[in-house]
Amino acid sequence: SAGVMVNFTTVKNMATERWSVVVEFPAPYSFGDVMLQELGSLCNCTGENPACNATCSAVSRDGARITIQVERALPLGESVWFVLGGVVNPGVTGVTPSCSVVTYSEDGVAVDENLAVPGTLLTPGRLVVALLLDPTGAGEVAELYVSATA
């Protein structure tokens with residue numbers, strides 16, 4: 001299923017094994033049950049290791065601010081990616097407002113940040129329309145029934 005992929009490259013060394021990344025979404029985003037849908041590079045686990053994966057990161061949400069606690073040291077220049085589930089796109093088309101991504105050390109000091117991550121273009125969904133004429137004879141006066149689903 002769909003999710004929001006977060007992808008960035010560390011600018012500074014994250015020497016400690018306990019740090020966090022905070023993604024803040026502006027209105028009009030909304031949220032369901034926010035979770036890590038894909039761990040990506042947050043974990044240093046080899047293969048499918050549920051015990052390792054379960055302990056390397058945790059997600060919490062406070063309003064539009066999503067915090068992912070990570071237990072893995074990262075060198076500078078490391079590519080970091082993960083996918084968040086439970087983030088609901090705005091219900092209108094167009095470019096979304098920008099969001100922010102900040103990494104914090106264990107003591108809560110900002111390490112890397114981008115406070116104006118560009119928005120994404122949301123396109124209209126495909127509308128499926130069915131037309132039904134009753135009666136269907138040529139030259140007859142008919143009623144038109146329209147059924148539409150998104």
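- Under the 4.5 Å side-chain criterion, counting only non-hydrogen atoms from C-beta, L74 is in contact with V80.
- Residues V23 and F31 fall within the same hydrophobic cluster, defined by Ile, Leu, Val, Met, Phe, Trp and Tyr side chains chained together at heavy-atom separations under 4.5 Å.
- A distance of 13.0 Å separates CZ in R65 from CZ in F25, rounded to the nearest 0.5 Å.
- Listed for the N7 side chain is no donor-acceptor partner under 3.5 Å among the backbone atoms of S79.
- Using a 4.5 Å heavy-atom cutoff, the side chains of L122 and V92 are not in contact.
- For the pair V117 and S100, the tightest heavy-atom approach, listed with the atom from each and the gap, is CG2-CA, 4.4 Å.
- Using a 4.5 Å heavy-atom threshold, the side chains of T67 and Y104 count as separate.
- With hydrophobic clusters built from ILVMFWY side chains whose heavy atoms lie under 4.5 angstrom apart, V22 does not share a cluster with I68.
- Remark: side-chain polar atoms of T10 are paired, donor with acceptor, to backbone N or O of G77 under 3.5 angstrom.
- Closest heavy-atom contact between P28 and P90: CG-CB, 3.4 Å.
- No side-chain heavy atom of R61 sits under 4.5 Å from any side-chain heavy atom of V59.
- Remark: of the listed residues M14, K12, E113, M14 is the sole one forming a side-chain contact (heavy atoms from CB on, under 4.5 Å) with T103.
- If you take SG on C99 and CG on L115, they are separated by 10.5 Å, rounding to the nearest 0.5 Å.
- Atom CG of D62 sits in a sparse spot, with 12 or fewer heavy atoms from other residues, nucleotides or ligands closer than 6.0 Å.
- Here the shortest heavy-atom pairing between P26 and S98 reads CG-O, 3.1 Å.
- The stretch residues 73-92 participates, sequence neighbours left out, in these salt bridge (Lys or Arg N to Asp or Glu O under 4.0 Å) pairs: R72-E78.
- The distance from the CD atom of Q37 to the CZ atom of F82 is 12.5 Å, given to the nearest 0.5 Å.
- Transitive grouping of hydrophobic side chains (ILVMFWY, heavy atoms separated by less than 4.5 Å) brings V101 and V87 into a common cluster.
- Both Y29 and L84 are part of a single hydrophobic cluster, where members link through side-chain heavy atoms under 4.5 Å apart.
- In the hydrophobic cluster analysis, where Ile, Leu, Val, Met, Phe, Trp and Tyr join through side-chain heavy atoms closer than 4.5 angstrom, I66 is grouped together with F8.
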